[in-house]
Amino acid sequence: MIEKTLKGKPAYWVWLAFLGMFMAVGAACYVRQYNFGLGMTGMSRNVSWGLYISQFTFLVGVAAGGVMLVLPYYIHNYKDFGRITILGEFLAIAAIVMCLLFIMADLGQPMRALNVVLHPSPHSMLFYDAIVLNGYLFLNILCGWVILTAEKKQVKPPKWIYFFVYLSIPFAVSIHTVTAMLYCGLPGRHFWLSAIIAPRFLASAFAAGPALIVIACLVLKRVAGFDAGRKAMNKLVTIIIYAALLNMFFVGLEFFVGYYSNIPGHKHALQYLFFGLEHHGHVYNNLVPFMWAFVILAFGAIATLATPAAKKNDFVLGLGCVALFVAFWLDKGIGFVLAGFVPNPLHEITEYVPTMNELGITIGVWATGFFVVTVLYKIAIGVEHEVEEC
Amino acid sequence: MYNKGTIIPGLMLFVLFVTFPIWFNVFTTAGELPKPESPPGGEKHCIASAEYMRANHMQLLNEWRDNVLRDGNREILEIDGVKYPKGLQLACLKCHSRKEKFCDSCHTYAAVQPYCWDCHLTPKEAGSKEATH
Amino acid sequence: MALAKLEQLSKSVVQGPSLATGAQPTKDWMDTPAIFKEGNFAYPAKQEKVEYLDSQDGIDFPNARIWSPDEDDWKLPENWQSIILKGLKERLDKFRSLKIFMDCCVRCGACADKCHFFLGTGDPKNMPVLRAELLRSVYRNDFTLAGKLFGKMAGGREMTVGVLKEWFMYSYQCTECRRCSVFCPYGIDTAEVTMMIRELLHLVGIGINWILEPASNSNRTGNHMGLQPHTFKDNVDFLAEDVEALTGVKINHSFNRKGAEVLFITPSADVFAEPGLYTAMGYLALFEQIGLDYTWSTYASEGGNFGLFTSNELMKKLNAKMYAEAKRLGVKYIIGGECGHMWRVVHQYMDTMNGPADFMEVPKSPITGTVFENAKSTKMIHISEFTADLIKHGKIKFDPSRNANVKATYHDSCNPARAMGLMDEPRYILDHVVPGWVEMPENTIREQTFCCGSGTGLNTDEIMELRMRAGLPRANAVKHVIDKHDVNMLSCVCAIDRATLTSLMDYWNPGCGVCGISELVGNALIMDNEKRAMGYGADGTESELPDGLRTMV
Amino acid sequence: MKYAFSFVAVLALVIIAWLGSMIPGLQYLFGIAIPYLAIMIFLGGFIYRVVQWAKSPVPFSIPTTCGQGKSLDFIKQDKLDCPTRASEVAARMFLEIFAFRSLFRNTKSELHEGPKITYESSRWLWLAALLFHYSFLIIVIRHMRLFLNPVPQWLQFLGFLDGGAMLQVGAPLLYASSLGLLGGVVFLFGRRLVNRNVRYISLANDYFPLFLIFAIAVTGMLMRYFLRTNIDIVTIKELLVGLVTLHPVINAEIGSIFYIHVFLVSALLVYFPFSKLMHMGGVFMSPTRNMPNNSRAKRHINPWNDPTIKPHSYAGYEDEFREFMVDAGIPVEKELPPRKDEE
Amino acid sequence: MDKQRRKFLKIAGASVIAGIGAPAIIKLSGTSAHASGGRVVPAAGHAPAVAHGAHGEEAPKGVRLGMVIDMRKFADKPELLDGAISACIDAHNIPQYPDKKNEIKWLWKAPFESVFTDQSAYHSSKRITETDFAVLCNHCDDPPCVRACPTQATFKSPTTGIVAMDFHRCIGCRFCMAACPYGARSFNWQDPRPYIKKYNKNFPSRMKGVVEKCNFCAERLALGQEPACVESCKGTGAITFGDLNDAKSEVRAILDKEFTIQRKPTLGTKPSVFYIV
């Protein structure tokens, strides 16, 4: 089926070339970083994780979001997702590829990455993260490929694959749970030290992931003549709205705990994110606009998606989903990780601004993700068309 | 023989590729055999025979590294009355104080690029910043 | 042998213990002899046919005799082994392809399940690699250092009667369709190997009648059917009358006419047997409509060339008639009808064997002025190229609704697809002459197309089950589009296909017809001054006859 | 049990080299004489085989056309799969040789009840073959550091990419290509055992090179990582540089594992020209791939074309059927002799 | 002798090596509780030390090196701390970057409110608010950084209780930096060598891309020396170093006598660095 990626309209090649350009820029930036060290980034002793890890965290959610299609389709036999479940699985593959690339980009000694396997450390959450991420990647490739192959052959998928399909469901939950555990098990980082992190991650994942799938479906409808069906779209929107509301609810809970308990450590990061944090007479508020944009976009998106217009109008639907995706990206892909480092364990404040080189790598990885998803969707849609046509 | 025009040049290319080392060494000034310098201090003994060290020094260093860093086993070896604290900088470079003339001569010859020197200081490097203070 | 019932064969193909269905043979292939039973071999050539061919100049068919594969004694000449080995040596020196294909195979197995014979029979020796190994084992034993030194350990094997029998069995269970060659990482073409084995077998008087009789007919009368000139003319005349009856347009055609611009050569099956007849009617209608200055020839009345399935020399001899006749009649170029192996010969062999055809001109369509640069040396173009060019320039008009009762799919015939690269011209024509048509699954079309299962002279009735098995992959792909899109017509550009696919469809997919592309062209063609015959439909209204060219016969 | 034979054969080679290298003086045989002999047999044999192939002409133009050929202007030619120009053929051959493009097409067929035959793409063989061959190539090139003095910069960079850039494991550093080669060989061998079709067609001479290459890889890795007794890279390089500058010397004791490795490589070199491994040369010369599909536009010449083969002549034909032809109104060259009754 | 040693002996030939194992002594200042043999020997035979009540620790096992910092001494003589810091920098080839972003710090100074974020500095004496406190890795008994490390590049030495780094194995993921509640870890954002002012030729530098931190001068301990900072404050009593599990050690004597506090005790990491304020 890979051969389907080798044939396409000019627009397909132009798009791939466009992405390839950014990938090349990203690669060039990475070579610079590899040679010089991570000092090429805006990260510092006090904010020791930056854009890479925050993108990773967000994208794990996007990957996990695919399960919102797999679960209804395979467990509840919700047939309307039949045509798009593969899109969820393939999106997960691309998202995890990006996750792994971001992790590699973030490592100080990438050529030693294999040490994680050679010296397994069962007490480290990163060890489990490596297992579940690679496991989920493998499961999605396996399930997606076997089921798509069966579809292409127009025979029933082999029975054994359902074991892996069902296995992928707990894996989807676990990738985001374990990623949350990277943060919420660390003593001394109050913002992260909260049991609600994992549920909150899952809620935002189950909103942002499906939102991206809806966007993808709308794009595919225009450029590839692939119609996922209104019914499936509307069902997805329902899932998105509930998950998004839950996420906002969880964010609200964090505010309650921080502000009602009035414990400074619990308040600091929230203060820093939403209002600016004062320290030695200086107010640090780099992220404030982003976070308010998150709040406004999130509620705006939920309201938009809840209107009847979203059920009929592709533009409104798309707008709502894009807004929601951006909102949750701001929340998890920017705010969550960076705020954890403010203030630092010595209650000093360092702000983080990514460098151009860092942005170049980040964009390069995103472009790679889009490249992978484009190519995978090309295969999936190609097979769907083939099955319909001949 | 048919298609001589492509087959003979093709075969010649192949032969050139296979015999690349022969004419490479003909057309370049073949480097000399490495002569790793004996310790300038005149030390005659090492912790093991030269044959052993030539073949196994990298593995011995790796072993030492784990001994010292991980196992906390920093026993000082005493051989023929000479004490050798485990460590590249601490033991080896004490006698073989000129890395350029000792380590590098073979490493360059065999195109080996050990990453030891990313961290470990050669006496020359160490000396370079001693005088400034 | 009676042909198995559909249900039986369906079950047998999928469940019968074979390598294709998952049963691992316990015996090594070198130790598994070929066993001949009525039904699994084509009848040997009649002695007089072989003798006739042997008597012709330039070709050798020695050792003519009466023999039968199912008898133990094949009455081989005394020195048959040395004849074969000498023949093999000669061919190794003449064909680089043979040497390369003998030496380079790494037995990766990529070809194994690509062969329609293997898929249908599950016989391990129908894996192209193993079919070639039958020859390769002898080659290794007698022509390579490793084989001479290590014998069986190096995969070598002595030339024995048993090996010879295997050669006969499996070189006649290969249709030289080249599908394996597409997938081989070294491009090893089993067709080349099969040709060599068949040539070697002919050296010791082993051949099948279904090939040698048409070949000798073709040599003598100009066509496989053995139609004598007047019969051939009569048949074409009948077809012309039928066309006139349908369209109301008088067809003007000629035979052996000197000074015509174009010589038209098509497989004789087109003027003789259903459903090829309708294709021939399509040619007549088309040429009439555009007013082409062309002639038929009774001397070169055969496009097909069973020499391809026999030996190089015979192929050359039979093919030579085309240029000879073109030269005699003084035509400017030749148009060839729809045929598969004819086009392999024309495309890949004719110019080399019998060229250069410098007495003709580079083909130039008198209607559109298009110069066919791709045939500038051979001076022979394919009817599909010619028709597609006419359509592109808007020189002919169609009413596709006249093909409304046809829901077509298109079968790429092996030779045009894999030995010529003719794939899109017929599709382009189809796009214009039928209201809609569908492709079969992508692994069964274009360069991956499946053979009809009875090519290379195997469309003989005594091996019907074998043919149905070998044709299964093709039939199965057709069934897929029948089930899914209600396809009822399998179109193609090959005369052997038109004959063999009809049997194949009747067996596996009853109700699905077979036609040539030119038949659909003729059906849909709007002719000047036409007056289509009308009929009454089931509801009593008068309309054009729905079956087009087929109505009249 | 074809693989058992091949296994024993390789084992025998190992034992011969092992025992031989321990006999004083025989080091010169295993370290110098046999390698020289092997490389000469390899080169000579390779050239001999290619020349033997080249001695046979390619009488006909028989490319396998895997796509639309060049015909009318508005029909898009598939230039890679049905090339007409030399440059297009070169592109096709390049992808064939360097990307194993035909193998990339591989499919797997299955028979289902119905009957229904299905096809799915199957690229494991393609992947493993790429892994195997490229690892092998990199390993061969990488070994040049032991023959070239001084070692050129690009070669050092290759060593860095292969050894340090990907995985910094162990000392000496583990090469990615070593893993690739081992993985490739194990897959190819496993496939021969597991895949029904391939298992049935496999011969002893299919298993032998796999075992041999496996043994070469394993002895190489043992020598590099584990059995380092008397494995001094400088002494070894001195010998190897000596070999290629035609002044071979063995100045110190070298571990047996080295001689085993070298002997196995020599065995591979000797075996190469006389086996299926010649597919390396053959792939360039396969007429179904390296010919343009322009046989109607440009006449292909067959050197042994026999001009004496003529068609059954028209004259003969007309002589046989003249009467019928005249009756049917078909023009003839020679009119019928006047009928006797008309005379 | 451990296995690797035996292997080494076997390979190299026993005759070459003689009289091994003599002088590696860890001599902790003032005590010689476990100063025999080639390695630090667990303080066997001692009665279980009295639990350090206030911090409610388990009955100790093995050696747990720790430190008591007497801030009163540093308050009186601030240059003492500067000397300790510079001794540390010199001993470990620690680069000095001009910008805060790249900082590598093993032992450094910070105000009380930064060091003891759980303590209130409200209305504290000037001596508290204006004195720079010594900050370093706490070599926790239950270190979160070790839990976080995915490759065991940072680990707790079973023989000394030191939380150590294996720079050769560190992949530079910086999980430990996020996990350390004391901000004790630094990362080499670039090649440090240009920023090392003076080389200690007996200690390596680090490569770019690895994390580093205070190692309690394990390399000096092996030679029987005190940690560099301890040595530089010798005789002042500002820093006392020793085995917290050894009831007879000097550190224990001070801990018994003085009121000490630890950083962020509520996190349960059990720091091994105590402060007398």
Side-chain angles (χ1 to χ4, degrees), chain B residues 1-36 48-66 88 103 105-116 118, chain D residues 39 42-43 46-47 50-58 140-152 155-156 158-160 163-164 168 170-173 225-238 240-241 243-246 251-253 255 269 280-281 284-285 290 303:
Chain B
M1 194 172 151
Y2 299 92
N3 305 97
K4 283 184 190 154
T6 42
I7 290 172
I8 290 176
L11 274 178
M12 279 164 66
L13 264 180
F14 176 75
V15 172
L16 281 182
F17 180 78
V18 173
T19 55
F20 173 72
I22 294 179
W23 54 263
F24 178 90
N25 284 321
V26 168
F27 290 111
T28 55
T29 39
E32 292 295 302
L33 258 190
K35 290 199 192 73
S49 67
E51 291 76 42
Y52 177 83
M53 290 309 283
R54 270 188 208 139
N56 299 76
H57 65 278
M58 66 299 274
Q59 289 173 333
L60 178 76
L61 286 169
N62 253 16
E63 233 173 85
W64 277 9
R65 165 175 110 187
D66 282 351
L88 176 60
C103 308
S105 64
C106 292
H107 286 163
T108 308
Y109 180 67
V112 177
Q113 297 133 315
Y115 57 99
C116 311
D118 289 356
Chain D
I39 194 76
F42 171 72
L43 273 181
F46 196 100
I47 294 168
V50 171
V51 169
Q52 278 306 108
W53 286 335
K55 276 187 173 169
S56 298
V58 180
V140 168
I141 295 176
R142 211 182 59 205
H143 272 75
M144 289 302 127
R145 83 180 167 103
L146 302 174
F147 293 92
L148 306 184
N149 183 25
V151 180
L155 196 52
Q156 295 190 26
L158 179 79
F160 162 74
Q168 212 179 68
L173 285 174
Y225 306 113
F226 303 105
L227 305 178
R228 291 197 63 94
T229 312
N230 284 324
I231 297 302
D232 174 14
I233 200 76
V234 172
T235 321
I236 288 174
K237 184 164 178 176
E238 191 187 353
L240 298 180
V241 170
L243 282 177
V244 295
T245 48
L246 312 181
N251 275 337
E253 199 181 327
L269 288 173
M280 176 185 167
F284 288 88
M285 295 176 68
N290 70 7

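Numbered from 1 within each chain, the chains take letters A, B, ... in sequence-line order. Computed from a predicted model, the values in this text were never measured in an experiment.
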Are I7(B) and M285(D) packed together at the side-chain level, in the sense that at least one heavy-atom pair is separated by less than 4.5 angstrom?
yes
With only heavy atoms counted, which part of L11(B) is less than 4.5 Å from chain D, the side chain, the backbone, both or neither?
side chain
Hey, what do you get for CZ (R54(B)) to CG (N230(D)), rounding to the nearest 0.5 Å?
10.0 Å
Are R228(D) and M58(B) close enough, and set up right, to give a side-chain contact (heavy atoms from CB on, under 4.5 Å), and what steps lead you there?
CA-CA 11 Å; R228(D) 291 197 63 94; M58(B) 66 299 274; 3.4 Å; yes
If I measure from the heavy atoms of chain D, does V15(B) come under 4.5 Å with its side chain, its backbone, both, or neither?
both
Heavy-atom contact with chain B under 4.5 Å, split by part of L148(D)
both
Looking at chain B, which one of E238(D), M144(D), E253(D) has the largest number of heavy-atom pairs inside 4.5 Å, strictly under?
E238(D)
Mind ranking V234(D), L155(D), I233(D), L240(D) by heavy-atom pairs under 4.5 Å with chain B and telling me who comes out on top?
V234(D)
Heavy-atom pairs under 4.5 Å with chain B are the metric here; pick the option from T229(D), L146(D), T235(D), I47(D) that has the most.
I47(D)
Would you give the length of the straight line joining atom CD1 of I231(D) to atom CG of N56(B), rounded to the nearest 0.5 angstrom?
9.5 Å
Using 0.5 Å steps for rounding, measure from the CG atom of N149(D) to the CZ atom of F24(B).
8.5 Å
So which part of I39(D) gets closer than 4.5 Å to some heavy atom of chain B, the side chain, the backbone, both or neither?
side chain
Interatomic spacing from CG in L43(D) to CZ in F14(B) - rounded to 0.5 Å:
6.0 Å
Please flag which part of T6(B) lies under 4.5 Å from any non-hydrogen atom of chain D: side chain, backbone, both or neither.
neither
Contact origin within F284(D) toward chain B - heavy atom pairs under 4.5 Å:
neither
So which heavy atom on Y115(B) is nearest to which on L173(D), and how close?
CE2-CD2, 3.8 Å
Pairwise side-chain contact, L33(B) with K237(D), heavy-atom cut-off 4.5 Å (strictly under):
no
Heavy-atom count check: over 12 atoms from other residues, nucleotides or ligands less than 6.0 Å from M12(B) CE?
no
Please find the pair of heavy atoms, one from Y2(B) and one from S56(D), that lie closest to each other, and give the distance.
CD1-C, 3.6 Å
Working for side-chain contact (heavy atoms from CB on, under 4.5 Å), residues V18(B) and F46(D)
CA-CA 11 Å; V18(B) 173; F46(D) 196 100; over 6 Å; no
Distance-minimising heavy-atom pair for D232(D) and A55(B)
N-CB, 4.4 Å
What residue, out of P172(D), P57(D), G255(D), has the most heavy-atom pairs lying under 4.5 Å from chain B?
P57(D)
Against chain B, label V151(D) side chain, backbone, both or neither, depending on which of its atoms sit under 4.5 Å from a heavy atom there.
side chain
